[in-house]
Amino acid sequence: MVPSEKDTNPETLRDDCIVPTHPVPARELGRYGVTGDPHSEMDIASYVEGQARDETIQHVEKIKREIVLGEIYDIWDVVTNKDRWWVITNLTNLYSQRHFPSLDYTLSFHIGLMARLRNRSDRIDPSEPTPFDEVFRRVDQAERKQESAVEAEDYQAVGMHLREGLISLVSAMRRRTEIPALVERPQDANFVVWSELLMNQLCGGGSDKELRQHLKNIAKETWQLVNWLTHERNANQTASSIAIHSCQTIIGHFIHILQRDRTDKTGQCPVCKSRNIRTHFDITIPPDGDYYVSCGECAWTNRPDTRGT
């Protein structure tokens, strides 16, 4: 049908179907989303703020989830006042969309890069903010020291860094473990006794007897190995390498037990009964950051300032 002169007159056109000619500002996009995951969004925003310290987050949006060979990768679109980023999890990394315009290519690149990193090191990934940053730093120092070590005293220094890392581990653990007031507390540097005390609290009960004893044993043996390395006049690369891997193992075990104590108590959402319970860490929770959990299906969380919502 050919429009009449009246139909094409700008003064008589209806204005209720006008399409905006300008983009919605990034900071306003969140107001028009139908669904959202505020806790995961906060995790991603905190990560980008830590990596791009001179940029201000304006919008965070989850694009999709990909499962490749059994591994889950969440893909996020993050807009700042200076750039726009792809953020991909497992292990979390960010990519500027100016240099990586294709999401499909970026995901393929990310999967390959993370596979190489996993193959290169058995370290627990410290890319996310955690209460164990000092522990990771000590182990990293030990690894770097070993890479350049030549003399026996260089390998002894590896043991010293590992020793400090284990002490930092129990320090971080006890700040996040409820210990009865009547229980006698050992000296801060007494790693073996603190390990026994912590495992009694976090891994108590008859059903966990074997697991608890195993953790106590390897903690004690790792501590003895590290102290031996520190004082061994014939310390060498093999000994220091085994000590590093032993420390990485006990660090991983202790962190898993700490998180299990928190998440197993909340295996099901008290509101919607879903088992899609996620663990987050927020550095802003007093006194120096803490873990909390949220439900991936509804808005429930046990974060201290929103408990019960």
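These values consider heavy atoms only, across backbone and side chains, with no hydrogens, waters or symmetry-generated copies.
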Task: Straight-line distance of Thr222 OG1 to Ile242 CD1, nearest 0.5 Å - done: 11.5 Å
Open item on the list: Taking Tyr105's backbone N and O only, do any of them form a donor-acceptor pair with Ser102's side chain (distance below 3.5 Å, no angle check)?
Closed with: yes
Open item on the list: Checking the side chain of Asp77 only, and the main-chain atoms of Ile63 only, is there a donor and an acceptor separated by less than 3.5 Å?
Closed with: no
Open item on the list: Before you tell me yes or no, could you show the steps for Trp85 and Glu55 under side chain to side chain donor-acceptor pair (under 3.5 Å), namely the whole-Å CA-CA distance, both residues' side-chain angles and the distance that decides it to 0.1 Å?
Closed with: CA-CA 11 Å; Trp85 303 88; Glu55 300 183 25; 3.1 Å; yes
Task: Gln201 side-chain N/O to Ile179 backbone N/O, donor-acceptor pair under 3.5 Å - done: no
Open item on the list: Measuring from atom CD of Glu221 to atom CD of Gln224, what distance do you get when rounded to the nearest 0.5 angstrom?
Closed with: 7.0 Å
Open item on the list: Is the shortest side-chain heavy-atom distance between Ser148 and Arg144 below 4.5 Å?
Closed with: no
TODO: Taking the side chain as every heavy atom from C-beta outward, state whether Arg84 and Gln58 have any atom pair closer than 4.5 Å.
DONE: no
Open item on the list: Are there over 12 heavy-atom neighbours, none belonging to Glu153, within less than 6.0 Å of that residue's CD?
Closed with: yes
Open item on the list: On a heavy-atom basis, which atom in Ala157 and which in Lys145 lie closest, and how many Å separate them?
Closed with: CB-CE, 3.8 Å
Task: Charged N-O contact under 4.0 Å between Arg278 and Asp43 - done: no
Open item on the list: Can you confirm whether more than 12 heavy atoms, excluding those of Lys216, are under 6.0 Å from its NZ atom?
Closed with: yes
- [ ] May I ask you to test the Arg65-Ile75 pair for a side-chain heavy-atom distance under 4.5 Å?
- [x] no
Open item on the list: Membership question, hydrophobic clusters at under 4.5 Å side-chain separation (ILVMFWY): are Val193 and Leu225 in the same one?
Closed with: no
Open item on the list: Quick check for you: to the nearest 0.5 Å, what is the distance between Arg212 atom CZ and Leu198 atom CG?
Closed with: 13.5 Å
TODO: Walk me through it: do Thr301 and His39 pass the test side-chain contact (heavy atoms from CB on, under 4.5 Å)?
DONE: CA-CA 9 Å; Thr301 175; His39 302 289; 3.5 Å; yes
Open item on the list: Looking at Glu66 and Lys64, is any side-chain nitrogen of the basic one under 4.0 Å from a carboxylate oxygen of the acidic one?
Closed with: yes
Open item on the list: Has Gln268 got a side-chain atom pairing as donor or acceptor with Arg275's backbone, closer than 3.5 angstrom?
Closed with: no
Open item on the list: Quick check: closest heavy atoms across Asn93 and Tyr47, and the distance to 0.1 Å?
Closed with: CA-OH, 3.3 Å
- [ ] Can you see which heavy atom on Asn190 is nearest to which on Pro186, and at what distance?
- [x] CB-CB, 4.1 Å
- [ ] For Ile285 and Tyr292, run side-chain contact (heavy atoms from CB on, under 4.5 Å): C-alpha distance rounded to whole Å, both residues' side-chain angles, the deciding distance at 0.1 Å, then the answer.
- [x] CA-CA 10 Å; Ile285 298 177; Tyr292 71 96; 4.0 Å; yes
Open item on the list: I'd like to know whether CG of Asp54 has more than 12 heavy-atom contacts from other residues, nucleotides or ligands below 6.0 angstrom.
Closed with: yes
Task: Spacing of CD belonging to Gln97 relative to OG1 belonging to Thr106, to within rounding of 0.5 Å - done: 8.0 Å
Open item on the list: Using a 3.5 Å distance criterion without hydrogens, assess whether the side chain of Arg176 forms a donor-acceptor pair with backbone atoms of Ala172.
Closed with: yes
Task: Tyr95 side chain to His110 side chain, donor-acceptor N/O pair below 3.5 angstrom - done: yes
- [ ] Flag yes if Met160 and Ile251 sit in one hydrophobic cluster, no otherwise; membership is Ile, Leu, Val, Met, Phe, Trp, Tyr, and two members link when side-chain heavy atoms are under 4.5 Å apart.
- [x] no
Open item on the list: With heavy-atom distances below 4.5 Å as the criterion, would you say the side chains of Trp300 and Pro270 are in contact?
Closed with: yes
Open item on the list: Measuring only between side-chain heavy atoms, which start at C-beta, is Ser195 closer than 4.5 Å to Val170?
Closed with: yes
- [ ] Would you sort out whether Leu169 and Trp194 count as a side-chain contact (heavy atoms from CB on, under 4.5 Å), showing the intermediate values?
- [x] CA-CA 10 Å; Leu169 173 64; Trp194 266 114; over 6 Å; no
Task: Any Cys295 side-chain heavy atom under 4.5 Å of Val271 side chain - done: no
Open item on the list: Once side-chain contact (heavy atoms from CB on, under 4.5 Å) is applied, do any residues pair with Gln146, and if so which ones, sequence neighbours excluded?
Closed with: Tyr155, Val158, Gln237, Ser240, Ser241, Ile244
TODO: Output, in order, the C-alpha distance, side-chain angles, deciding distance and verdict of ring pair (Phe, Tyr, Trp, His ring centres under 6.0 Å) for Phe191 and Trp223.
DONE: CA-CA 7 Å; Phe191 174 81; Trp223 178 256; 5.3 Å; yes
Task: Inter-residue atom distance His256.NE2 - Cys203.SG, 0.5 Å rounding - done: 13.5 Å
Task: Val87 side chain reached by Val78 side chain, heavy atoms, under 4.5 Å - done: yes
Open item on the list: Strictly distance-based, threshold 3.5 Å: is any side-chain N or O of Trp86 a donor or acceptor partner for the main-chain N or O of Phe100?
Closed with: yes
Open item on the list: Are the side chains of Cys247 and Leu166 in contact, using a 4.5 Å heavy-atom criterion?
Closed with: yes
TODO: Starting at CE of Met199, measure out to NE2 of His253 and round the result to the nearest 0.5 Å.
DONE: 10.5 Å
Open item on the list: For Ser274 versus Glu297, what's the shortest heavy-atom pair and its separation?
Closed with: OG-CG, 3.2 Å
- [ ] May I ask you to decide if Glu196's main-chain N or O and Asn200's side chain share a donor-acceptor pair within less than 3.5 Å?
- [x] yes
Task: Closest approach of Phe254 to Leu215 (non-hydrogen atoms, all atoms of both residues) - done: CE1-O, 4.4 Å
Task: Cluster overlap Leu69 with Met114, hydrophobic side-chain contacts below 4.5 Å - done: yes
Open item on the list: Strictly below 4.0 Å, N to O, side chains only: are Arg53 and Glu49 in salt-bridge contact?
Closed with: no
- [ ] Could you walk me through whether Glu151 and Asp154 pass the side-chain contact (heavy atoms from CB on, under 4.5 Å) test, one step at a time?
- [x] CA-CA 5 Å; Glu151 306 295 344; Asp154 297 329; 3.8 Å; yes
- [ ] Determine whether Ile257 and Val183 fall in the same hydrophobic cluster, where Ile, Leu, Val, Met, Phe, Trp and Tyr are linked whenever their side-chain heavy atoms lie under 4.5 Å apart.
- [x] yes
Open item on the list: Using every non-hydrogen atom in the two residues, find where Val135 and Gly165 come nearest and quote the distance to one decimal.
Closed with: CG1-O, 3.8 Å
Open item on the list: Checking the side chain of Ser171 only, and the main-chain atoms of Ile167 only, is there a donor and an acceptor separated by less than 3.5 Å?
Closed with: no
